Visitor: 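One structure is given below, represented as C-alpha cells, and several questions about it will come after.
For ligands, and for the atoms within them, numbers begin at 1 and follow the listed sequence. Owing to the predicted nature of the structure, the values given are computational and were not obtained by experimental measurement.
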Amino acid sequence: MEILDKIPFLINKDALMRQLMIEKDSEDEKEFDELIQLAIQCGRPKAVFLQAFIDEKTNDGVVINGITFTSKTLRHNLSDVQRIFPFVITCGTEMDDHFPPGSDILKDFWWDALKMQLLNAARLTLRKHLSERFRLGKTASMSPGSGDVGIWHIEQQRQLFALLGDVKNAIGVELTDTCLMVPNKTGSGILYPAQIDFQGCEVCHRENCPSRRAAFNASLWEEIQPGSR
Ligand code: SF4
C-alpha cells in the first residue's frame, strides 16, 4: 500500500458561499472566514492505493489477491481489465481533531463543505498520480455502496480494506461495524483503466438526488441484471 499525504488543496470561497447561501459582508461571512483559515492551517487530505491484479473473474464478481468481491456490475466493468487500483481518499482526521462535529449545527454544515473540498483535492491528486505514474489513460472507478442497493454491497468495504492493508495506521481512516468510514468525508473504491466512463449514478434509480453526477443508464442496468450474461 502506498500513501499520498502531501496533497495541495484550494478552497473556493466564493463558490462555497453561494452553495452555503452565506451573504457577502455579513457576520456569517466573518465566521466562515475563520473556519476557512482553520481548514487551511490544519487540513491534511490523504490517499492510499495499491496496484493489484485480478486472479479470477467469476459469474458475479472478481477475485483479487485471494479476496472475493461480489458485484455483477464490478464484474461487468472489469471485463477487459487485469490491473486495478483499490484506494481510500480522505479529507484527513486532522479536520475532526481541530473542529469536532457536534458543537454548532450551522458551523458543522459549513465545516463539512470545507472537508468536501479537501476530499475532492485528494480524489484529483490520486487520479493524476496514478494516471501519470502508471500511464493509465482514461480511468473510471466504482465504490462499495454506490448506486442502487445491491449494485455493490457496502459490506464489501471490509474486503476492500482487507485488500489494502492497515488503512487506519496509514492515514487514520477507520471502518465502523456498519461499514461507514470515519472521518465522514472519505471515499473508497477500485479505480481501473476504462475507455467508457462509469458513475454509480448510472445504475441508481433515486429520483431528484441533488448529488447525481450522471443520468440513469437503462441499457447498462439491463446488462447487469441476473441472467443477462
Ligand atoms: S444518484 Fe445520488 S444516491 Fe444515487 S448513486 Fe448518484 S449520488 Fe448516490
Visitor: Locate the shortest heavy-atom distance separating Ala194 from Ala140; write the atom from each residue and the value.
Guide: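 It is CB-CB, 3.9 Å.
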Visitor: Verify the distance test for Cys204 against atom 6 (Fe) of ligand 1: any N/O/S atom under 2.8 Å, yes or no.
Guide: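 Here the distance criterion (N, O or S atom, under 2.8 Å) is not met by Cys204, so no.
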Visitor: Okay, side chain of Ser143, backbone of Ser146: is any donor-acceptor separation there less than 3.5 Å?
Guide: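 Here the side-chain-to-backbone pair does not exist.
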Visitor: Provide the number and element of each atom of ligand 1 under 4.0 Å from a heavy atom of Gly147.
Guide: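 Checking each atom against Gly147, I get 5 (S).
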Visitor: Considering only heavy atoms of Cys209, which atoms of ligand 1 have at least one such atom less than 4.0 Å away?
Guide: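 Close to Cys209: 1 (S), 2 (Fe), 3 (S), 7 (S).
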Visitor: Does one side chain, of Asn77 or Ser79, offer a donor that lies under 3.5 Å from an acceptor on the other?
Guide: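 Asn77 vs Ser79: no donor-acceptor pair found between side chains.
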Visitor: Which residue supplies the protein heavy atom nearest to atom 6 (Fe) of ligand 1, what is that atom called, and how far is it?
Guide: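 Minimum-distance protein heavy atom for atom 6 (Fe) of ligand 1 reads Cys201 SG, 2.3 Å.
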Visitor: Can the ring centres of His129 and Phe134 be said to be less than 6.0 Å apart?
Guide: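 No; Phe134 has its ring centre 6.0 Å or more from that of His129.
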Visitor: Using modelled atom types and a 3.5 Å cut-off, is there a donor and acceptor pairing between side-chain atoms of Thr125 and backbone atoms of Ala121?
Guide: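 Yes.
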Visitor: Hey, is Ser146 touching ligand 1 through its side chain, its backbone, both or neither, going by heavy atoms under 4.0 Å?
Guide: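 Neither part.
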